[in-house]
Amino acid sequence: MSGRGSGRGSGSGSGHGSGRDADVVLATSGNAESRAESRAEGGMESSAGNIEGGFGKTVFVLATANSGKIREMRSILGAAGIDAIARSEVGIESDIEETGGTFRDNALIKARYVCKLSGMPAIADDSGLVVEALGGAPGVDTSSYGGIALTNDERCRFLIKNMENVEHRAAKFVCTVVCVFPNGDELIAEGECSGEIARSLSGENGFGFDPVFFIPQIGKTLAEISQEEKNGLSHRGAALRALVRLMAE
Ligand code: ITT
């Protein structure tokens, strides 16, 4: 871990209520890579739920409506002793318009929105599939790839069809997680998981594109391994563990 100074702090002291110089953390977990930074930004209305004396007793709100993500985020954060609830549990059901052009921008939009409405620290995940042969697509548009009405299964088949004659099948899952605190402090972390796009669906576990995301090192798709195994090597696991390291600083 080393300070790189790419973020910025807004005050003196230490901890999430105070702002401090930014840190960038580089870490590796399985075939996943993660990167994290912290920064403080003004402008957010502060109301409640700020952290005093550690994060152990603080409850975080997950700024996602995706049940697969909620399950994984609660499991990964829970393993680190962090309690998190879904945004629906605090009555935030509305769609959040993701107008950003990057994973980071969209994660910030979701976390800031939920933090502001709930008055609690909010953690957002923006993630997606980056396929080399498709020039990085579907990227930030992964959740609607092939059309918003498609089921997960249909979306996987749409991807396979699009890559029917493609030999080079390298791809990665990318995840940016952001934690926004009611005082305006923001922590940002990223994780990646490298693999290949399979030629057919395999496995029943996970969600989204897991049945077509093949990891050569283990000879399985992400849908063929347990939740615990996926957490250990996934983009989301890497990003959230990097975020937890920032929280503990
Ligand atoms: P929220 O915005 O409410 O969090 P979402 O599903 O729309 O939910 P994103 O905009 O971040 O979230 O889209 C991410 C998409 O990428 C997701 O819908 C899946 O299709 C895919 N995805 C991300 N992580 C994945 C994973 O671990 N396994 C399989 N597919 C994943």
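Counting starts at 1 for both ligands and their atoms, following the listed order.
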Inset, instruction - Using a 4.0 Å heavy-atom cut-off, say whether His235 meets ligand 1 through its side chain, its backbone, both or neither. - result: side chain
Legend entry - Any Gly206 heavy atom less than 4.0 Å from ligand 1: no
Legend entry - Heavy atom of Arg155, distance to ligand 1 below 4.0 Å: no
Legend entry - Ring geometry between Phe173 and Phe213 (parallel below 30°, tilted from 30 to 60°, perpendicular above 60°): tilted
Among all protein heavy atoms, pick out the one at the shortest distance from [atom]; state its residue, atom name and that distance to 0.1 Å.
| atom | value |
| --- | --- |
| atom 16 (O) of ligand 1 | Thr142 CG2, 3.2 Å |
| atom 24 (N) of ligand 1 | Arg236 NH2, 2.9 Å |
| atom 29 (C) of ligand 1 | Phe207 O, 3.0 Å |
| atom 14 (C) of ligand 1 | Ser127 O, 3.0 Å |
| atom 28 (N) of ligand 1 | Asp210 OD1, 2.6 Å |

List ligand 1 atoms under 4.0 Å from [X], heavy atoms only on the residue side.
| X | result |
| --- | --- |
| Asp126 | 9 (P), 10 (O), 11 (O) |
| Gly128 | 16 (O) |
| Gly208 | 29 (C), 30 (N) |
| Asn66 | 3 (O), 6 (O), 8 (O), 18 (O) |
| Lys230 | 26 (C), 27 (O), 28 (N) |
| Lys69 | 1 (P), 4 (O), 5 (P), 8 (O), 9 (P), 11 (O), 12 (O) |
| Glu98 | 2 (O), 10 (O) |
| Asp125 | 4 (O), 11 (O) |

Value rounded to 0.5 Å, distance of [atom1] in [X] from [atom2] in [Y]:
| X | Y | atom1 | atom2 | answer |
| --- | --- | --- | --- | --- |
| Met73 | Leu62 | CE | CG | 4.5 Å |
| Glu98 | Phe103 | CD | CZ | 10.5 Å |
| His235 | Ser194 | NE2 | OG | 11.5 Å |
| Cys175 | Glu72 | SG | CD | 9.5 Å |
| Arg157 | Leu150 | CZ | CG | 12.0 Å |

Cut-off 3.5 Å, side chains only: do [X] and [Y] have a donor facing an acceptor?
| X | Y | value |
| --- | --- | --- |
| Ser118 | Tyr113 | no |
| Ser127 | Arg236 | yes |
| Asn205 | Ser226 | no |

Inset, instruction - Each residue besides Phe214 in its hydrophobic cluster should be listed here, by chain and number; the cluster joins Ile, Leu, Val, Met, Phe, Trp and Tyr at side-chain heavy-atom distances under 4.5 Å. - result: none
Legend entry - Any pair counted as side chain to side chain donor-acceptor pair (under 3.5 Å), so long as it reaches residues 139-150, sequence neighbours left out: Tyr145-Asn162
For [atom], tell me which residue out of [options] has the closest non-hydrogen atom.
| atom | options | value |
| --- | --- | --- |
| atom 22 (N) of ligand 1 | Phe209, Phe173, Tyr145 | Phe173 |
| atom 4 (O) of ligand 1 | Thr64, Ile70, Ile148 | Thr64 |
| atom 7 (O) of ligand 1 | Ser143, Ala65, Ser67 | Ser143 |

Legend entry - Non-hydrogen side-chain atoms of Val174 and Glu190 separated by less than 4.5 Å: no
